[in-house]
Structure formats: structure tokens, C-alpha cells
There are 2 protein chains.
Amino acid sequence: MNIGEAAKASGLPAKTIRYYEDIGLIRIGRDSNGYRVFDADDVHRLAFLNRSRGLGFSIEDCRALLDLYDDTGRASEDVKRLASEHLARIDARIAELGELRRTMAGLVSACAGDARPDCPILKDLASGQRLAAGHQRLRE
Amino acid sequence: MNIGEAAKASGLPAKTIRYYEDIGLIRIGRDSNGYRVFDADDVHRLAFLNRSRGLGFSIEDCRALLDLYDDTGRASEDVKRLASEHLARIDARIAELGELRRTMAGLVSACAGDARPDCPILKDLASGQRLAAGHQRLRE
DNA sequence: ATAGGGCTTCCAGTAGATGGAGGGTCAAGA
DNA sequence: TCTTGACCCTCCATCTACTGGAAGCCCTAT
């Protein structure tokens with residue numbers, strides 16, 4: 001099948017499939033006319049990538065996961081480690097955002113939000129004197 | 001003062017200050033030797049930007065916030081709207097990550113993580129049959 | 001023959017910096 | 001006076017993970 005059909009079948013946009021091929025995440029055969037040719041396994045791997053990315057794994061993680069998937073002699077330990085590290089990153093991010101949320105909610109609720117110029121949000125940003133709870137600097 | 005001192009005083013790396021000047025977020029005077037010259041107000045504005053960015057506001061939001069800060073005739077309504085929208089984005093992101101966390105935690109706990117090759121995480125990625133709770137596709 | 005849709009490559013742009021090369025400036029010490 | 005080292009400057013490349021668009025070939029139907 002051609003890229004359009006593979007895109008529909010895998011859930012990934014054609015552009016993204018080309019990109020994944022470009023960065024060496026997946027190898028795709030070519031027809032005599034230069035068109036990419038996808039078989040069922042290609043589509044399967046693309047869907048695998050789609051799901052891995054959907055879970056927030058980085059491209060490099062996906063590369064490693066796909067390698068582990070291909071390696072029938074793998075240890076599930078290795079997969080679990082990747083997943084656990086990812087989970088830890090998610091937890092860290094949630095904690096960070098939770099702090100941030102508390103701060104922002106405090107600021108928003110402190111501001112009258114009317115036609116007058118007086119605004120505790122701007123005061124806070126200008127002074128560094130936090131009205132609400134403190135928070136960690138975002139590392140995004 | 002020069003950029004190094006301004007960096008220390010504002011908490012922003014010198015590189016970032018140059019970048020902010022480059023994208024027109026702040027205007028900095030120059031000495032006869034070409035060096036940037038910072039006064040107390042410049043440092044104050046840089047610290048304002050540092051705190052705004054620290055709260056996760058986008059550069060464009062920061063630009064708007066700085067404009068509102070300068071506009072003594074502003075309505076606090078306008079500031080509150082920016083902040084509320086930002087808060088809503090944070091909430092959405094937290095919800096997204098919470099879903100994701102549930103899914104990942106389910107996968108991680110289902111995997112033995114030993115020397116054997118059998119791995120429910122890979123199975124899940126390969127099949128699309130979610131073992132744990134479903135989740136939204138990340139829009140990062 | 002032509003129109004359309006699909007396919008190709010390559011280039012640019014997104015957000016928000018960060019790292020480094022290559023080179024000018026300045027103040028202090030030998 | 002010369003040199004060393006710490007600054008400072010600009011410009012370009014790099015990072016993540018795509019996405020959009022231009023220019024142009026391919027294939028099928030009418």
C-alpha cells in the first residue's frame with residue numbers, strides 16, 4: 001500500500017511517517033516509481049510508534065522500545081525501566097504543574113478583574129512577593 | 001551595569017537577556033563600546049519577565065503583561081483574563097497528564113520487570129488493547 | 001488531452017532558548 | 001608595555017517533534 005493508506009491504517013499523518021523514516025525510526029521499501037510501499041508489518045510498527053508517542057515517550061524512547069520489541073530475547077526489566085522512568089517524569093511534571101496551579105489560582109482569585117488598574121497579579125510579577133503559595137521554576 | 005551583572009540581578013542568563021532583546025521583548029541601551037547598558041528599571045523588567053516565564057506564561061503573554069504593566073490606565077480585567085486563560089491551560093494539561101499517569105502506572109505495575117522477555121507493556125503498545133485505563137492523545 | 005488526486009523532495013518555520021566559534025574590550029599585574 | 005583573563009559582541013547551529021508549503025512527477029478516469 002501507499003503512504004496515504006498506511007497513514008489511515010496506522011493513525012499517523014503521512015508527513016509524520018516521512019519524518020520518522022527520515023530520522024531512521026523506521027525503514028520503508030520503495031516501488032520502482034519512487035513511492036514508499038508499506039506492508040502489514042510496517043503499518044503495525046507505525047501504529048506501535050503512534051501509541052508509544054501517545055503515551056508521551058520521546059522519539060529516542062520509541063526507538064529503544066521498538067528495538068526491544070524486535071529483540072525476542074529481551075528482558076522485560078529493560079522495558080519496565082524505560083516505562084518507570086517515563087512515569088517518574090510524568091509525576092514530576094504533574095507535581096510541578098500542581099504547584100504552578102496553586103500559585104496561579106491564588107493570583108487569579110486575588111484580582112478584582114474590573115475596569116480599575118489596580119492588579120495584584122501585576123504587583124506580584126513586579127515585586128516577586130508571592131501572594132499565593134510558592135512554586136518551582138518550570139523546567140519544560 | 002553590564003549584562004553579567006544584570007543577569008545576576010534579574011536571575012536570567014545573559015544569553016536569555018540577549019534573546020529577549022533580539023525578539024523585541026525588551027529594549028536595552030548601548031554604551032559607546034557596543035556593550036549593553038542596564039539601569040535599575042531594565043533589571044526590574046527582566047525580573048518581571050523571569051517571574052512571568054516562571055509561572056509558565058508564553059513569551060507573547062509576557063509581552064502583553066509587560067504592556068499592561070506599563071499602561072497605568074489598564075483594566076485589571078485584562079490581566080485577569082490572561083491569567084485565567086493560562087490557569088485553564090494548566091488545568092487542562094494536568095488533567096491530560098493525570099490520565100496518562102493512570103495508564104502508565106497500570107502498564108508499569110503489570111510488567112514483571114525480570115529477565116524474561118514476556119512484557120505486557122510491549123504487548124499493549126503492539127496491540128492497542130489498553131490494559132489500564134484509556135487516555136487522551138497528548139497535545140504537547 | 002486534461003483534470004484531479006496522490007506521491008516525491010526540499011526548505012522554512014514553530015517555542016524558547018542554549019552552545020559555540022571568532023573576535024573586540026577592559027582592568028590588573030609583571 | 002605587554003599580557004592574561006574575564007568580560008562583552010554578533011552570528012550560526014542545535015534541540016524536540018513535527019507541520020506547512022512550493023515545485024514537480026505519477027496514475028487514473030474521462
Side-chain angles (χ1 to χ4, degrees), chain A residues 1-38 42 46 48-66 86 89-90 93 96 100 137-140, chain B residues 1-38 42-43 46 48-66 85-86 89-90 93 96 100 137-140:
Chain A
M1 71 181 84
N2 285 344
I3 200 169
E5 208 180 330
K8 244 171 251 162
S10 67
L12 286 173
K15 269 279 189 195
T16 302
I17 297 174
R18 291 196 193 96
Y19 172 68
Y20 285 173
E21 191 199 25
D22 200 48
I23 62 174
L25 200 51
I26 196 167
R27 242 172 297 192
I28 303 295
R30 296 293 180 128
D31 207 342
S32 57
N33 59 10
Y35 285 20
R36 290 169 184 83
V37 184
F38 299 77
D42 292 329
L46 287 171
F48 181 102
L49 289 171
N50 191 13
R51 282 188 286 268
S52 308
R53 290 286 302 129
L55 285 174
F57 283 104
S58 71
I59 291 287
E60 288 317 303
D61 280 349
C62 290
R63 206 187 293 273
L65 287 170
L66 215 42
H86 184 44
R89 279 193 299 270
I90 293 168
R93 187 79 177 117
E96 228 174 48
L100 198 53
R137 185 76 163 83
L138 278 187
R139 290 167 304 268
E140 297 182 85
Chain B
M1 70 182 83
N2 285 343
I3 199 169
E5 207 180 331
K8 243 172 253 163
S10 67
L12 285 174
K15 269 279 188 194
T16 302
I17 296 175
R18 292 196 192 96
Y19 172 68
Y20 285 173
E21 191 199 24
D22 200 48
I23 62 173
L25 200 50
I26 195 167
R27 241 171 298 191
I28 303 295
R30 296 294 179 129
D31 207 342
S32 57
N33 59 9
Y35 285 20
R36 288 169 187 82
V37 184
F38 299 78
D42 292 328
V43 170
L46 287 171
F48 182 100
L49 288 172
N50 191 12
R51 283 187 285 268
S52 308
R53 290 287 302 132
L55 286 173
F57 282 104
S58 71
I59 291 287
E60 287 319 302
D61 279 350
C62 290
R63 205 186 292 274
L65 286 169
L66 214 44
E85 284 166 6
H86 183 46
R89 279 192 298 271
I90 293 168
R93 187 79 177 119
E96 228 174 49
L100 199 52
R137 184 77 163 84
L138 277 187
R139 290 166 303 269
E140 295 180 87

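First the proteins, then the strands, lettered A, B, ... as listed; each starts at 1.
When the nearest nucleotides of DNA chain D are assigned to B:Arg30 and B:Lys8 by heavy-atom distance, the more 5′-ward of the two goes with B:Lys8.
Rounded to whole angstrom, the span from the CD1 atom of B:Ile17 across to the C1' atom of D:dT10 amounts to 17 Å. As rounded to whole Å, 9 Å separates atom P of C:dA17 from atom CG of B:Leu25. If you take CD1 of A:Ile3 and P of D:dC26, they are 17 Å apart, rounded to a whole angstrom. Atom CD in A:Glu5 sits roughly 9 Å away from atom P in C:dC7 (whole-Å rounding). One interatomic measurement links the two molecules: CG of A:Asp31 to P of D:dC26, which rounds to 12 Å at whole-angstrom precision. Rounded to a whole Å, the CG atom of B:Asp22 is 13 Å from the P atom of C:dA17. A straight line from OH of B:Tyr35 to C1' of C:dC26 spans 6 Å, rounded to a whole angstrom. At whole-Å resolution of the value, CD in A:Glu60 and P in D:dT14 are 16 Å apart.
Taking each heavy atom of A:Val37 and A:Asp42 in turn, the nearest pair found is O-OD2, 3.7 Å. Of all heavy-atom pairs spanning A:Asn2 and A:Tyr35, the tightest one is ND2-CD2, 3.8 Å.
Taking 4.0 Å as the cut-off between side-chain N and carboxylate O, A:Glu21 and A:Arg18 do not count as a salt-bridged pair.
The base of C:dG16 does not come close enough to the side chain of B:Lys15 for any donor and acceptor atom to sit less than 3.5 Å apart.
The side chain of A:Arg18 places no N or O atom within less than 4.0 Å of a non-bridging phosphate oxygen (OP1 or OP2) of D:dA17. For B:Asn33, a side-chain nitrogen or oxygen approaches OP1 or OP2 of C:dC26 to under 4.0 Å. Close to D:dC18, at under 4.0 Å from its OP1 or OP2, lies a side-chain N or O of A:Arg53. Close to D:dC18, at under 4.0 Å from its OP1 or OP2, lies a side-chain N or O of A:Tyr20. Using a 4.0 Å cut-off, some side-chain N or O of A:Thr16 falls inside it from OP1 or OP2 of D:dT19. A:Arg36 has a side-chain polar atom (N or O) that falls below the 4.0 Å cut-off from OP1 or OP2 of C:dT9.
Side-chain contact between B:Tyr20 and B:Ile28 is absent, with no heavy-atom pair separated by less than 4.5 Å. Inter-residue side-chain proximity for B:Leu49 and B:Cys62 is flagged as met; some heavy-atom pair is nearer than 4.5 Å.
When distances are taken from the side chain of B:Pro13 to each of C:dT18, C:dT8, D:dC9, the shortest belongs to C:dT18.
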